[in-house]
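Computed from a predicted structure; not experimentally measured.
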Amino acid sequence: MTSTSMLGITVLIDWMQRYADKITEHEPLLTALDAEIGDADHGINMQRGFEEVRMRLVHERTDDLGAFFKSVGMTLLSKVGGASGPLYGTLFLRMGMVAAGKRTLTPTEFASAVAAGVEGIRQRGSARPGDKTMVDALTPAIIALHQALDDGATLCAALQAAAIAGEAGMKATIPMQAYKGRASYLGPRSIGHQDPGATSAFLLIQSAAESICAAEAHDS
Amino acid sequence: MTSTSMLGITVLIDWMQRYADKITEHEPLLTALDAEIGDADHGINMQRGFEEVRMRLVHERTDDLGAFFKSVGMTLLSKVGGASGPLYGTLFLRMGMVAAGKRTLTPTEFASAVAAGVEGIRQRGSARPGDKTMVDALTPAIIALHQALDDGATLCAALQAAAIAGEAGMKATIPMQAYKGRASYLGPRSIGHQDPGATSAFLLIQSAAESICAAEAHDS
Amino acid sequence: MKKLINNPTLVVEEALAGMAHAYPHLLRVNFCPNYVVRADAPQRGKVAVIAGGGSGHEPMHSGYVGVGMLDAACPGPIFTSPTPDQILAAAAAVDGGAGLLFIVKNYTGDVMNFAIAAEECQLAGVPVETVLIHDDVAVEDSLYTAGRRGVGVTVLAEKICGAAAEAGAPLSEVAAIGRKVSEQGRSMGVALTSCIVPAVGRPTFTLPEDEMEIGIGIHGEPGRQRVALQSADEITEMLATTIFDDLPFTRGSRVIALVNGMGGTPLMELFIIFRRLAELCEERDITISRNLIGNYITALEMAGCSLTLLAVDDELLHWWDAPVHTPALHW
Amino acid sequence: MKKLINNPTLVVEEALAGMAHAYPHLLRVNFCPNYVVRADAPQRGKVAVIAGGGSGHEPMHSGYVGVGMLDAACPGPIFTSPTPDQILAAAAAVDGGAGLLFIVKNYTGDVMNFAIAAEECQLAGVPVETVLIHDDVAVEDSLYTAGRRGVGVTVLAEKICGAAAEAGAPLSEVAAIGRKVSEQGRSMGVALTSCIVPAVGRPTFTLPEDEMEIGIGIHGEPGRQRVALQSADEITEMLATTIFDDLPFTRGSRVIALVNGMGGTPLMELFIIFRRLAELCEERDITISRNLIGNYITALEMAGCSLTLLAVDDELLHWWDAPVHTPALHW
Ligand SMILES: Nc1ncnc2c1ncn2[C@@H]1O[C@H](COP(=O)(O)OP(=O)(O)O)[C@@H](O)[C@H]1O
Ligand SMILES: Nc1ncnc2c1ncn2[C@@H]1O[C@H](COP(=O)(O)OP(=O)(O)O)[C@@H](O)[C@H]1O
Ligand SMILES: [Mg+2]
Ligand SMILES: [Mg+2]
Ligand SMILES: [Mg+2]
Ligand SMILES: [Mg+2]
């Protein structure tokens with residue numbers, strides 16, 4: 001159980017690859033959502049960034065998880081642009097700070113790293129829950145993650161709970177009026193549309209659950 | 001019979017008014033024909049010109065048929081623009097030269113005036129029959145007019161014959177390739193479309209027939 | 001019809017009114033008849049350069065009125081040449097006693113209306129020379145047709161003749177320079193969409209999503225040929241090659257290149273085209289000495305572009321580089 | 001999608017390549033990361049003025065690089081702000097030792113990316129000031145939102161700050177002038193059609209023939225409100241009145257007026273709008289001291305326009321009138 005509950009580089013690489021696949025698959029959806037209340041580029045932005053992440057994963061092998069997350073963060077920062085680039089970039093940079101020098105993470109360490117990343121997003125973008133941004137998917141996901149781990153769940157189960165909460169948070173953006181980001185310019189017209197960034201954020205949590213559950217299943 | 005066969009200012013004014021009405025009625029057709037092989041303005045150009053002619057008819061009363069035609073010609077020259085302005089302008093200016101100082105015209109004099117006008121168009125535009133222009137409606141019309149008068153027809157009957165010939169000439173432009181005017185830029189693609197200027201020219205002859213026949217009927 | 005207009009029949013006059021408000025230091029606008037003259041007209045002892053044509057090609061011609069370019073522009077209705085009386089009124093307003101140069105695009109209507117005006121001027125003892133622009137290689141040239149129509153070279157001829165006239169060159173010389181420009185320039189264009197003549201209210205032609213018109217003019221008319229939409233590079237190659245072949249440029253020639261938008265094409269796309277044009281010229285050892293990239297001679301909101309190349313020597317470059325102060329060209 | 005392009009993912013790079021070919025005397029282009037710097041950069045001892053943002057707004061920003069305006073422009077992908085490393089690379093290329101001024105349009109992405117770059121510069125000991133442009137009165141302003149977005153005033157701020165920097169003003173002064181421009185300028189726009197992001201291939205939104213979007217930005221996004229299409233005069237009144245009311249102009253104030261086309265709007269229509277704007281200003285005893293009419297900050301091929309008014313004094317007019325040599329602004 002200990003080995004499966006410790007996260008190493010392999011499962012994290014798998015996470016990034018799954019997410020890159022998911023972004024490619026959902027690029028049209030993310031872009032279409034952004035066309036409704038933004039500028040029709042969120043899927044394109046994310047795909048540009050995660051294709052680059054995918055490429056770097058092949059070339060830069062490191063066992064230092066701090067270095068790994070930092071590399072992902074810097075790649076996103078220098079490739080995505082727009083609002084989502086600095087935000088997702090910050091998420092991974094902050095995770096990298098928590099993981100600095102470590103070759104494995106315990107479930108709790110992983111959860112703390114994600115929490116630090118989300119806190120970074122909130123600082124960088126100063127969006128609060130209810131502003132109709134990715135924060136609305138990430139905040140409930142983090143709460144659910146910590147809660148489940150506190151309740152003794154495996155990381156797999158805890159991330160599944162986080163994904164469910166993240167999905168609910170994503171859907172909850174539909175009736176919201178946007179107060180941050182480009183959608184805020186639409187005023188009340190932003191109501192009734194799902195936030196693209198909340199959607200890509202949910203997919204990120206979902207990918208994490210899939211990767212980690214696959215690893216747990218494999219190891220057990 | 002003599003009085004009906006002499007044309008005075010009244011019937012000529014009627015001609016211009018009828019033609020102005022016809023242009024207004026057929027403006028969309030003329031413009032649509034010009035959209036196919038030109039720049040979609042022939043109906044608009046002709047309407048602008050003949051609305052002005054109609055307005056001037058109200059204000060400038062003259063019995064000098066030369067002055068009358070000259071006024072129409074100058075109005076067209078200064079209002080129509082494009083290719084059709086100078087061409088129709090020249091037609092009426094030349095008619096005015098033939099009619100200069102006259103208060104009435106015999107049928108033969110009227111036919112000569114029209115012939116001089118058409119000759120003016122041919123000089124100004126240097127189009128030959130077969131080039132797919134208004135000349136292709138006017139030339140057969142003039143020939144039929146003279147022929148019918150030579151054969152002893154009334155001016156009404158002669159103009160009716162001219163209108164029939166002009167209509168045939170107009171339709172004959174359909175299979176032609178244009179060698180003059182804007183339609184020539186289309187090369188072989190100009191084939192299969194009726195020339196807008198030939199259409200407005202046919203309507204001019206047709207209006208003349210209608211006015212003069214109405215006057216003959218009224219007088220007899 | 002989606003346009004920022006008030007009344008389809010007043011677009012020309014209202015736009016001219018806007019120009020009058022915007023550029024009082026450069027030009028004056030007259031209505032009925034409509035013409036635009038430089039603010040300091042007439043210039044005593046200077047050849048007056050006059051151009052005109054249908055409206056809908058903005059900034060041409062009114063946007064080229066000012067010091068170092070046109071003395072007067074005569075805007076007709078949309079796509080309809082101006083009338084002789086209009087041209088004569090403009091001529092009277094700018095005649096400085098050194099004669100008039102008419103720069104006329106080769107369209108039957110423009111040619112006839114300017115010819116009538118020129119005849120009148122000559123009757124009145126005012127010397128007039130006419131430079132005919134007929135640069136569109138998409139149109140086959142022949143003695144028995146109306147000949148090639150005038151497009152992009154018009155802008156270059158107006159600039160160059162305007163500079164020569166500004167410098168005090170006599171009428172015969174300004175006309176000779178204009179004819180040289182006319183002889184040495186060629187253009188060709190494509191359209192991706194039609195335009196809408198305001199008074200008509202619907203597109204002059206319709207073009208499927210995957211097709212384009214090759215060899216268009218500047219009046220929203222269909223072109224010589226309708227073909228499948230191609231890439232910017234392929235389009236540039238086709239236009240440039242046709243131009244190269246028509247006006248043989250020897251290795252080492254110098255040109256002024258105009259990559260012109262038809263009104264609805266983003267500047268970004270014109271840069272993409274200029275990029276390929278520059279490569280093609282380099283391959284042929286042709287030097288692009290000067291360039292203009294933007295909307296200079298348009299067809300309302302048509303999407304598309306035209307290429308113009310003008311072979312130049314030191315003399316033409318000298319006049320090209322001379323100062324110009326107009327709403328649309330300024331250096 | 002009808003565009004004169006080759007590959008939707010390469011439009012920015014190919015357009016930059018075109019600019020590099022076209023304006024070697026004015027600017028240099030770097031690829032990977034993409035940025036444009038003036039040909040004579042860096043200028044020792046001069047504040048470097050740097051702007052950037054998504055592409056698709058041409059001529060902004062790259063077309064404003066040159067003497068008297070921007071030292072560097074950082075073009076992102078279409079409608080996507082540039083990244084910090086790109087901004088840092090451009091900054092390094094133009095840093096003349098007198099500090100950097102970032103002119104940033106107020107969009108979350110632009111603000112964050114420039115903020116990260118500014119933090120890095122400051123860590124490295126390079127002084128940076130940022131001027132935020134947030135002039136769009138269509139967006140309600142509030143402490144709890146992203147605030148108003150930056151549109152037309154950006155062009156004016158780049159010109160004016162560029163002139164002050166060129167004249168040797170220190171960073172704090174150039175920044176203060178920029179903030180004054182930002183405070184005193186307001187804009188608003190309408191769209192008649194959407195635009196097509198090349199990588200998306202279809203219009204961002206669709207608008208019926210008889211409707212328009214009010215309060216749009218420059219990213220092809222829907223506006224605040226969709227209403228029935230109105231006449232040019234009504235639209236001008238609506239835009240101008242909203243601007244007048246937001247930035248109270250006293251009788252006798254002077255302004256620079258920008259009537260801006262969104263990319264697919266004919267110049268003629270912009271003149272029609274300027275005509276009414278001039279009348280409205282006159283009614284309020286507001287003097288339009290300078291004007292710009294044309295495509296200066298666009299949204300690809302969108303049809304529509306925006307109005308910008310900037311209240312000016314002698315100082316701002318002085319900087320406005322100072323010489324400028326860029327591809328898109330030149331006097
Ligand atoms: N201040 C913010 N804080 C958190 N997330 C934000 C903020 N602003 C925008 N976002 C997120 O970014 C998403 C848009 O990303 P993207 O389309 O890539 O960038 P841009 O808006 O610059 O085009 C939004 O859907 C929203 O979830
Ligand atoms: N050289 C010419 N000789 C005679 N008629 C001509 C000539 N050129 C054009 N036309 C006529 O003019 C018509 C077009 O007129 P119009 O559309 O008003 O002018 P424009 O072609 O300048 O737009 C053509 O249909 C043709 O009949
Ligand atoms: Mg977006
Ligand atoms: Mg026509
Ligand atoms: Mg016409
Ligand atoms: Mg974006």
Side-chain angles (χ1 to χ4, degrees), chain C residues 1-7 11-12 14-23 55-56 58-59 63 190 192-193 195 207 209 212 229 231-233 235-236 259 263-279 288 291 293-295 298 300-301 303-305 327-328 330-331, chain D residues 1-7 11-12 14-23 55-56 58-59 63 190 192-193 195 207 209 212 229 231-233 235-236 259 263-279 288 291 293-295 298 300-301 303-305 327-328 330-331:
Chain C
M1 173 177 52
K2 294 198 126 172
K3 289 181 187 285
L4 294 165
I5 62 173
N6 295 303
N7 182 333
V11 287
V12 173
E14 291 190 352
L16 288 174
M19 292 192 78
H21 278 294
Y23 310 113
S55 293
E58 289 65 30
V190 296
L192 304 191
T193 64
C195 58
L207 206 47
E209 258 301 295
M212 61 180 180
L229 188 60
S231 72
D233 281 1
I235 290 171
T236 310
V259 174
T265 292
L267 188 53
M268 169 177 265
E269 299 180 19
L270 302 181
F271 285 138
I272 292 176
I273 287 184
F274 184 77
R275 172 193 134 276
R276 185 71 191 123
L277 177 65
E279 291 170 355
I288 300 180
N291 65 72
I293 304 170
N295 294 340
T298 61
L300 295 169
E301 72 276 68
C305 74
H330 195 98
W331 59 71
Chain D
M1 173 177 53
K2 295 199 126 173
K3 288 182 187 286
L4 294 165
I5 62 172
N6 295 302
N7 181 332
V11 288
V12 173
E14 291 191 352
L16 288 175
M19 292 192 78
H21 278 294
Y23 309 113
S55 293
E58 290 66 30
V190 296
L192 304 191
T193 64
C195 57
L207 205 48
E209 257 302 295
M212 62 181 180
L229 187 61
S231 72
D233 281 1
I235 290 170
T236 310
V259 174
T265 293
L267 188 54
M268 168 177 265
E269 299 180 19
L270 302 182
F271 285 137
I272 292 176
I273 287 184
F274 185 78
R275 171 193 135 276
R276 185 69 190 124
L277 176 64
E279 291 169 356
I288 300 180
N291 65 72
I293 305 169
N295 294 340
T298 62
L300 294 170
E301 72 277 65
C305 73
H330 195 99
W331 58 73

Taking only residues two or more places apart in sequence, or in another chain, which ones meet C/Glu301 in a salt bridge (charged side-chain N to carboxylate O under 4.0 Å, His left out)?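 C/Glu301: salt bridge (charged side-chain N to carboxylate O under 4.0 Å, His left out) contacts with C/Lys3.
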If you count heavy-atom pairs within less than 4.5 Å of chain D, which of C/Gly294, C/Pro327, C/Ala232, C/Cys305 leads?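 Of the options given, most contacts go to C/Ala232.
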Given a strict heavy-atom distance threshold of 4.5 Å, which part of D/Ile5 is in contact with chain C: side chain, backbone, both, or neither?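 Backbone plus side chain of D/Ile5, per the 4.5 Å heavy-atom cut-off to chain C.
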Segment of D/Leu207 engaging chain C (4.5 angstrom heavy-atom cut-off):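 Backbone plus side chain of D/Leu207, per the 4.5 Å heavy-atom cut-off to chain C.
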Please look at C/Asn291 and chain D and tell me whether the side chain, the backbone, both or neither of the residue comes under 4.5 angstrom of a heavy atom of that chain.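 Only the side chain of C/Asn291 comes within 4.5 Å of chain D.
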Select one option (side chain, backbone, both, neither) describing which atoms of C/Asn295 are under 4.5 Å from chain D's heavy atoms.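 Answer is side chain: those atoms of C/Asn295 sit under 4.5 Å from chain D.
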Just to verify, which of D/Thr236, D/Leu229, D/Leu192 counts as forming a side chain to side chain contact (heavy atoms under 4.5 Å, CB included) with C/Leu4?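 Per the side chain to side chain contact (heavy atoms under 4.5 Å, CB included) rule, the option paired with C/Leu4 is D/Leu192, out of D/Thr236, D/Leu229, D/Leu192.
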Report the option among [options] that has the most heavy-atom pairs separated by less than 4.5 Å from atoms of chain C.
{"options": "D/Thr193, D/Asn6, D/Leu267", "answer": "D/Asn6"}
{"options": "D/Gly263, D/Gly63, D/Gly264, D/Ala22", "answer": "D/Ala22"}
{"options": "D/Lys2, D/His21, D/Glu58", "answer": "D/Lys2"}

Under the side-chain hydrogen bond (donor to acceptor under 3.5 Å, both in side chains) test, residues paired with D/Arg276 that sit two or more places apart: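 So D/Arg276 forms a side-chain hydrogen bond (donor to acceptor under 3.5 Å, both in side chains) with D/Glu237, D/Glu279.
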Mind checking the CZ-OH spacing from D/Phe271 to C/Tyr23? Nearest 0.5 Å is all I need.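 With rounding to 0.5 Å, CZ (D/Phe271) is 4.0 Å from OH (C/Tyr23).
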Do C/Met268 and D/Val12 touch side chain to side chain, with heavy atoms closer than 4.5 Å?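 SC-SC contact between C/Met268 and D/Val12 confirmed.
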Are C/Leu16 and D/Arg275 close enough that some pair of their side-chain heavy atoms sits under 4.5 Å apart?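 Answer no - side chains too far apart.
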